[in-house]
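Data first, discussion second: the structure below is written as structure tokens.
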Amino acid sequence: MSDTQTVQPAPVAPVLDTVQHAAETPDVEQPWAELGLKADEYATIREIIGRRPTIAELAMYSVMWSEHCSYKSSKIHFKLWGENTTDEMREKLLVGIGENAGVVDIGDGWAVTFKVESHNHPSYIEPYQGAATGVGGIIRDIMSMGARPIAVMDPLRFGNLHHPDTQRVLPGVVAGVGGYGNCIGLPNIGGEVVFDDCYQGNPLVNALCVGAMRVEDIHLAKASGAGNKVILFGARTGGDGIGGVSVLASETFDEGGPTKRPAVQVGDPFAEKVLIECCLDLYRAGVVDGIQDLGGAGLSCATSELASNGDGGMQVELDLVPLRDASLQPQEILMSESQERMMAVVSPEHLDEFMAITDKWDVEATVIGEVTDGDHLVITWHGETIVDVPPRSVAHEGPTYDRPLARPAYLDELNASSAAALARPETGEEIRAQLLTLIGSPNLCDKSWITDQYDRYVLGNTALAQPDDSGVVRVDEETGRGVAVSTDCNSRFAKLDPYAGAQLALAEAYRNVATTGAAPLAVTDCLNFGSPEDPGVMWQFREAIRGIAEGCRFLGVPVTGGNVSFYNQTGDVAIHPTPVIGVLGVMDDVSKRSGSGFRSDDAHVYLLGT
Amino acid sequence: MGSIVVDVMLKPEILDPQGQAVGGALPRLGFNGFTDVRQGKRFVLSVDGDVTDEHLAAAREAAEKLLSNPVIEDVVSVHVLEDGSSDQGGSEGGSEGGSEGGSEGGEAEGDEQ
Amino acid sequence: MGSIVVDVMLKPEILDPQGQAVGGALPRLGFNGFTDVRQGKRFVLSVDGDVTDEHLAAAREAAEKLLSNPVIEDVVSVHVLEDGSSDQGGSEGGSEGGSEGGSEGGEAEGDEQ
Amino acid sequence: MRIGVVTFPGSLDDRDAARAVRECGGEAVPLWHGDADLKGVDAVILPGGFSYGDYLRCGAIARFAPVMDALVPAAQGGLPVLGICNGFQVLTESHLLPGALIRNDHRKFNCVDQRLVVENASTAWTSDFEAGQEITIVLKNGEGGFVADERTLDELEGEGRVVFRYVPDAQGRNPNGSYRHIAGITNERGNVVGLMPHPEHAVEEGYGPSLDGRGFFTSIIKQTLESAATA
Ligand SMILES: Nc1ncnc2c1ncn2[C@@H]1O[C@H](COP(=O)(O)OP(=O)(O)O)[C@@H](O)[C@H]1O
């Protein structure tokens, strides 16, 4: 939703746009284009539901079929993951790509889930809140798998350190990552900070979270069992994140509340910390049948995905949703991206216990609907039906594109200009000067100004964090069993050759994990690219995926999940392709891990490899 | 020595977790009459001598440029603090509540961004 | 719906890192006329209907008990926000600067601890 | 030897404090903010974290939790209480300890392995240290600057109630702008101690910068056992 444009307010229907009203008024002009849909996409929606969509349905489809939620440009290339995953690689994989986050078996009955996501555009607009809500979002993904989040990492990319706008963006992003992560109590065990002019107008804020649980505690996002209750819990719903989509807002509600819709989401880490503990209590009590976090696309996403993954339909009374802003219209409630909310499916006999637990944590929880034995998602507003759709068509059967791709013409020239042509330092003096330039450069210098703003000790399980190349945390306090995680990417290599560049990123993260003493087990990735409508970018993207998938097959570690972020560009100029790779490894006893750097005076130094 | 007060609040549509936390605590302390709490910032800028129109103009500009973040905040007021002390007077009493504001009724800041 | 504003400032003798940072940044932006900056907090408490004397009394008590820490802070003002909107009005303009304060001159809070 | 560890909404290092108690041979008893019940424990730890998000002032809202209604009189009556970081802030907000903690002078959250000098080795929580001993434990906070008026500061120093001081850096600065480099203090009786750094993150080999934090927990455990023996 971050790239929605502001559009002219459309005339607002004087009556509630119910399903019946939509059926009776097939010819009403609808703002599908303003909502980012293409003509044929709009036509497909009409075909699926056999009439024009209501404004609420249109809102749901438009947000769920956005690039961000539907992966419509990238999905087609994801078959490379499957094709390159062998049965052997699947052995330790408990939950694969497609769920909120992948889960791997690390032994002794423990499972670990991890995933990296981007929050690039919001962090450029409002660095503190953008970064903070990015961290908050990925943590909820991990929570929704049934896990306790145990660590975060933050791969960051900024423009030139000395550019005035970097002075706005960098401190804000770092304070936001720290502000959220520190307050929620998750150790920050690593990340990256890279400066390159290509990120000046489009910094990258990626956030990774790791969570752990017992194998039997894995939870999935699905709504089954007719009669089971659908519960929305956590923060109240406000107008967050729909600021740009003023086409949805009524301009007639000037009285009685804020009518402006904020484009900026504000994070409340305290609310999320309470939500984590509350969810863990709920899992322990065994009262949750299905669970989903509310992230981008809010209720549209949670209701349609839960219903789509389940075996029945779902009925939701939208007017029961607790609101922070009473002036919100139903379609806005469906699109709101208010943070710190979760949705659970709970059987009626567990309802009282569920509510007692949320009460204990002072978390507001509201039954807003139930699972039905039908096959539609039906949403009502004060008794009138405003949404009646097959949930799969919203959540999973959105459009996919096989976009044209072409190797960029500039690549030959770029690759031809090799480093061999550069002048070499001749004298000791020159070598000295060059060395100083190198180690004083922003990309190589000490990063403690940033990393000291992050709590790396909370939870008491951190065995390695900055300045080491991997973060290492204990999962099992009895045995010391734990995991090592590293994220890496050199986008300059990826620009020269996205296939090899992606593999180099994978290899670096893999090595960083292996050298701590951990056995690499799984991969997550955050693919930050320019516009998919540019064939050159699309080619970079496909090459990078191919590189990662084939590299993973070679190394024998599966990709368990990740995130695609397109449209990272300023005007026509895309960022360097930046496929950030996270590798996770397992260790029997993390107190035996080896750190980087010299640890004793008389140690010998060996060079291994070629 | 004169002082100028700049008041900054989060825009009404923006979530205010701080205000919410305070709002949640009040009833536990037996204060039940408040329906909502929002928390903002108050800056007191001191100047040598009396506050001039130039000072006020500068304060207004600084309020927009530095003291507030127009993406999420509004400058709700820029006005002279009448007591004249550098900040809330000798702290004993802090009785400027009555004298502040109003005095320079015209200078409210209305043009965010 | 009425609102009460509570203003809290650090005591003058307590270090104010935020105010100091703002004070340091102003000259870099070309604002040279300010000799000192202090940053405090402003709370807007909303009530249903008009603000009554009971509301004000409760706000004063809450200001002392919860909203400020008497070891380091002073409550410098507790007064009715005249606009009457839940928080700084329609955010357009936020022009209460002129109308706030002064109006209820009597209710300034003067009795810290 | 039962040591209570209080959990407020937003407490973060409560599980760590409980682990540290166990590592050092005590029994950790969870105490819930909403219950005015200390479960007959021998001592209480108020752990680090961001109670209620620390949104108003650190510790300000936690101070009014029901558990504090039981804890404040008990502490005044001599129950050993250790406030770590946010717990220290709760103790000052509750006026069990003087002064206040304000935003770090550099206005950033700061997580470092910090050297401290133990100045008072006769409190309930520091008797296993030597006066003048230097220890290194974790410091991590955004609002750790200790402030108080001159009279209070003089009193604290005069009565030997400064328990820990930061070892200043080469420029003579401490990590958060605390007045007189004060990192931790105690009440007149020496049973209530508050400090910003985190001893519970320095009790296990392989996790944390040292084992210097153990002394806090072994001190209280020994003291309780001794007073039980003489009772
Ligand atoms: N954004 C970040 N968040 C957390 N840790 C970071 C971040 N950036 C760098 N680090 C950590 O700081 C240390 C040094 O970073 P860096 O100099 O980039 O390492 P290297 O060049 O060895 O990859 C590493 O431990 C890395 O994980």
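Below, chains carry the letters A, B, ... as their sequence lines are ordered, and counting in each starts from 1.
C:K41 NZ to B:D7 CG: the interatomic distance, rounded to the nearest 0.5 Å, is 15.0 Å.
Interface with chain C: from residues 18-31 of chain B, residues B:V22, B:A25, B:L26, B:L29, B:F31 qualify, criterion being any non-hydrogen pair under 4.5 Å.
Judged as a side chain to side chain contact (heavy atoms under 4.5 Å, CB included), and not counting sequence neighbours, the contacts of B:N69 are A:E126, B:V71, B:I72, B:E73. Shown here are the side chain to side chain contact (heavy atoms under 4.5 Å, CB included) partners of C:V47, two or more places apart in sequence or in another chain: B:F34, C:V51, C:H55. By the side-chain hydrogen bond (donor to acceptor under 3.5 Å, both in side chains) test, B:K65 pairs with B:E61, sequence neighbours left out.
With chain C as the partner, the residue from B:A58, B:G33, B:A59 showing the most heavy-atom pairs under 4.5 Å is B:A58.
Listed for the C:T35 side chain is a donor-acceptor partner under 3.5 Å among the backbone atoms of B:S46.
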